[in-house]
Number of protein chains: 2
Amino acid sequence: MARAAKQAKNSVADKREAILRAGVKVFAAKGFFNSKVADVAKEAGVADGTVYLYFKGKDDILHSIFDRAMAEFIADGRRELERSDDPADQLAKIADVHLSRLGADRSLAVVFQIELRGSTKFMEAFSAAAFAEYLEIIRKTIESGQKSGVFRSDVKPIIAAKMFYGALDEMVTNWILSKKPYPLEPLAGEVVKVFLGGLKA
Amino acid sequence: MARAAKQAKNSVADKREAILRAGVKVFAAKGFFNSKVADVAKEAGVADGTVYLYFKGKDDILHSIFDRAMAEFIADGRRELERSDDPADQLAKIADVHLSRLGADRSLAVVFQIELRGSTKFMEAFSAAAFAEYLEIIRKTIESGQKSGVFRSDVKPIIAAKMFYGALDEMVTNWILSKKPYPLEPLAGEVVKVFLGGLKA
DNA sequence: GGTAGGTGAATGAATGCTCATTCATAAAAG
DNA sequence: CTTTTATGAATGAGCATTCATTCACCTACC
């Protein structure tokens, strides 16, 4: 590829990227339905019409934000998972990736926790499959722990997986809504401790 | 009060009630932002303008749905809580009320799980205080368990409370999004079992 | 007991504003 | 000069909210 062409292609990618980033920021700040396409365009430093050269419409921006982030998220999780055989360890890794990724980008976290759920339509159409995949990773990890005997077997793995996910999810939601800023990632250890050991003395 | 006057007052309460119920149904089905006030009015069997005799506007309907349901919810929880001294038992009661109440009204559950969170504005303005109160009830229960020695003390009660809430919350969200209908309430026992006993063998 | 006037709840068509989207035109690239 | 990319003003559909009017029922007076 010639240098010039590559340059051009980069600038195209950059503009798309800028709009996506602006979308995250604006949607997080005002909510998807309260955000105007013009707001996103302005934040991205492009004209209103330009948005439509890169996205089908407002919905498509949200959709794209989700697709990209979720793909990274799952890839990250899988990579970490392969670096250990111990299911307890693997759950700790999942918790860590979950909280550190979302903890690193508050706006993205807001879009994920609040905006993506704000409509059953989006939940059903976009997030359902990817979310199911994520839950499945947790479930399998728990199941393998049960097979190897490190986890108790009188618990349905799918229930435990939902609980684990729910606990992590709640940490993130609380972190977002909290007035006082604090680091999210360190909570991973505590969550895993309680989840594995239980609350009983 | 004369019979006629009483009759009239009842019909006023009924109309407000009808609009609230219609709101739950319509918002659950189409999402708050995709619902028209006219849809709610039609579902309630009143004219569009009538809605404004009972509510300040569309937002106020959602707000009122939340207020009423949350008040009932918390009152229910408190009542159950007083019927036992054992913290483990009390957590079981909370889980039971939580899952049975939402499990009894799918539309209300959808509004609570999906629509109320659909906007940071609503989260901050309306639900924050009531939600904090609910979380506080759980936290205190856990704390009293720690003081009496039935719960381990090397866990921050507020973290454990969020985990417990998050786990229950996730059960509800999954139940809503599931294609296959199943009873929600029975999951309470399983959740409490894992939360108290832990996943480790 | 019947009639006239009064009251306010209820109506729903009309209003006016808010955006998502388009497109004629301009700028930049090649 | 041609093609590609970008612009932002103009469009018009959608929808929350308003308000002039209707109507059911109540009260007071004959």
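Reckoned from all heavy atoms, side chains included, excluding hydrogens, waters and symmetry mates. Nothing here was measured: the structure is a model prediction, and the numbers come from that model.
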Integer-rounded Å distance: [N] [atom2] and [X] [atom1]:
X: Ile61(B); N: dT17(D); atom1: CD1; atom2: P; answer: 9 Å
X: Lys42(B); N: dT11(C); atom1: NZ; atom2: P; answer: 15 Å
X: Lys58(B); N: dT18(C); atom1: NZ; atom2: P; answer: 16 Å
X: Tyr52(A); N: dC23(C); atom1: OH; atom2: P; answer: 13 Å
X: Asn34(A); N: dC17(C); atom1: CG; atom2: P; answer: 19 Å
X: Asp59(B); N: dA16(D); atom1: CG; atom2: P; answer: 10 Å
X: Asp39(A); N: dT18(C); atom1: CG; atom2: C1'; answer: 12 Å
X: Ile19(B); N: dT11(C); atom1: CD1; atom2: C1'; answer: 13 Å

Contact under 4.0 Å: [X] side-chain N or O vs [N] OP1/OP2:
X: Lys36(A); N: dA20(C); result: no
X: Lys15(B); N: dA10(C); result: yes
X: Tyr54(A); N: dT5(D); result: no

Whether [Y] and [X] form a salt bridge (side-chain N of Lys/Arg under 4.0 Å from carboxylate O of Asp/Glu) is what I want to check.
X: Lys42(B); Y: Asp39(B); value: no
X: Glu170(A); Y: Lys162(B); value: no
X: Lys93(B); Y: Glu82(B); value: no
X: Lys140(B); Y: Glu143(B); value: no
X: Arg101(B); Y: Glu72(B); value: yes

State which of [options] makes the closest approach to the side chain of [X].
X: Asp48(A); options: dA9(D), dT11(C), dA10(C); value: dA9(D)
X: Leu53(A); options: dT7(D), dA10(C), dA20(C); value: dT7(D)
X: Thr50(B); options: dA6(D), dT11(C), dT21(C); value: dT11(C)
X: Ala47(B); options: dG12(C), dT17(D), dA6(D); value: dG12(C)

Please work out if Val51(A) contacts a base, only the sugar-phosphate, or nothing of the nucleic acid, heavy-atom cut-off 4.0 Å.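 Val51(A): no heavy atom of the nucleic acid under 4.0 Å.
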